[in-house]
Amino acid sequence: MKIGFIGLGNMGGPMASNLAAAGHEVTGFDPIAPYPEGVAQARSGMEAARGRDVVITMLPDGEILRAVAAEIVPAMATGTVFLDCSTVDVDSARAVAAQAEKAGLLPLDAPVSGGIGGAAAGTLTFMVGGTGEAFDMALPLFEVMGQKSVHCGPSGNGQAAKICNNMILGVTMIATCEAFALADKLGLDRQAMFDVVSTSSGSSWSMNAYCPAPGIGPESPADHGYKPGFAAELMLKDLRLSQQAATAVDADTPMGKAARDLYECFVEQEGGKGRDFSAMLPRFETRGRG
Ligand code: NAD
């Protein structure tokens with residue numbers, strides 16, 4: 001396929017590189033990031049989008065996505081796919097999809113999980129909103145860039161799935177970290193705590209696969225001084241999106257709100273920026289109730 005790829009940062013760069021390595025003709029645009037091998041350089045987003053079968057965007061936020069969409073939608077041919085893989089607010093995803101549909105394009109919102117490692121290895125998971133027709137056209141590309149893609153329903157539902165998943169993740173990571181810190185103070189050995197919880201009803205991905213305690217469980221960022229992994233500020237971004245969406249639809253999400261507030265404090269006031277999101281454990285270790 002002829003693919004335009006706009007936003008070649010930490011995630012977009014390796015994703016574009018994998019598409020080129022799989023034999024697709026990839027033309028990219030990014031004002032700052034380096035161009036991966038095999039990706040032709042366009043001089044603008046519009047130039048990267050013109051004449052392509054599929055245009056992929058991997059951008060920082062909804063505002064930038066809206067600006068890029070305004071530039072590229074008029075340049076794209078009817079019946080081609082506009083595949084946004086960025087994590088953005090549901091409203092921006094739906095507004096951009098409506099604009100693309102009006103122009104005769106097939107829009108998809110397909111945020112990913114799996115991080116930079118998954119982008120490089122081609123093992124991302126895609127959560128996809130849009131029509132079945134658009135999903136089927138993009139499926140061969142999901143299969144190159146990832147190992148799983150789930151069609152979640154109409155436009156915006158990919159973003160909805162992503163923020164709901166990450167709201168659960170933020171809440172369970174905090175719960176796991178505060179429980180470890182309590183267990184420490186109660187004199188419970190961390191290995192014993194892991195052995196019990198990981199096989200009991202308190203188990204979760206945060207405990208079992210990404211244990212925040214160094215030296216316990218499978219290897220995780222805790223074993224490397226909490227170098228990300230999944231940075232606390234990216235978790236904060238997703239928790240903010242979840243609360244923005246909850247406000248928009250009047251959903252009561254007290255745990256999601258508490259998680260957003262805690263990560264906000266951690267990132268903005270307690271030096272959590274640049275640390276893995278599981279570094280909540282050393283934060284709790286040093287605190288009392290007051
Ligand atoms: P990044 O900042 O490394 O990359 C974004 C790129 O977009 C940058 O290179 C920037 O120059 C480029 N850009 C900005 N404005 C542009 C424009 N007008 N035209 C073209 N390019 C433009 O961010 P990233 O880590 O690659 O993340 C991208 C998206 O993926 C974000 O929405 C993020 O939330 C999401 N995401 C990231 C991770 C992760 O672990 N990094 C995991 C899952 C999802």
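All ligand and atom numbering here is 1-based and tracks the order in the structure. No experiment lies behind these values; they were computed from the predicted model shown.
Listed by first and then second residue, the side-chain hydrogen bond (donor to acceptor under 3.5 Å, both in side chains) pairs that reach into residues 149-160 are Arg94-Asn157, sequence neighbours excluded.
Annotation for Ser242 and Met167: closest pair OG-SD, 3.7 Å, computed over non-hydrogen atoms.
Applying the side chain to side chain contact (heavy atoms under 4.5 Å, CB included) rule to Val54 yields the partners Met1, Ile56, Val81, Leu83, Leu141; only residues at least two apart in sequence or on another chain are considered. With sequence neighbours excluded, the residues forming a salt bridge (Lys or Arg N to Asp or Glu O under 4.0 Å) with Glu268 are Arg240, listed by chain and number.
A centroid separation of less than 6.0 Å is found between the aromatic rings of Phe277 and Tyr210.
Between the OG atom of Ser113 and the CE atom of Met127 there is a distance of 4.0 Å, given to the nearest 0.5 Å.
Near ligand 1, residues Ile6, Gly7, Gly9, Asn10, Met11, Phe29, Asp30, Pro31, Ile32, Ala33, Met58, Leu59, Pro60, Ile64, Val68, Ser86, Thr87, Val112, Gly115, Ile116, Lys162, Leu234, Lys237 come within 4.0 angstrom through at least one heavy atom.
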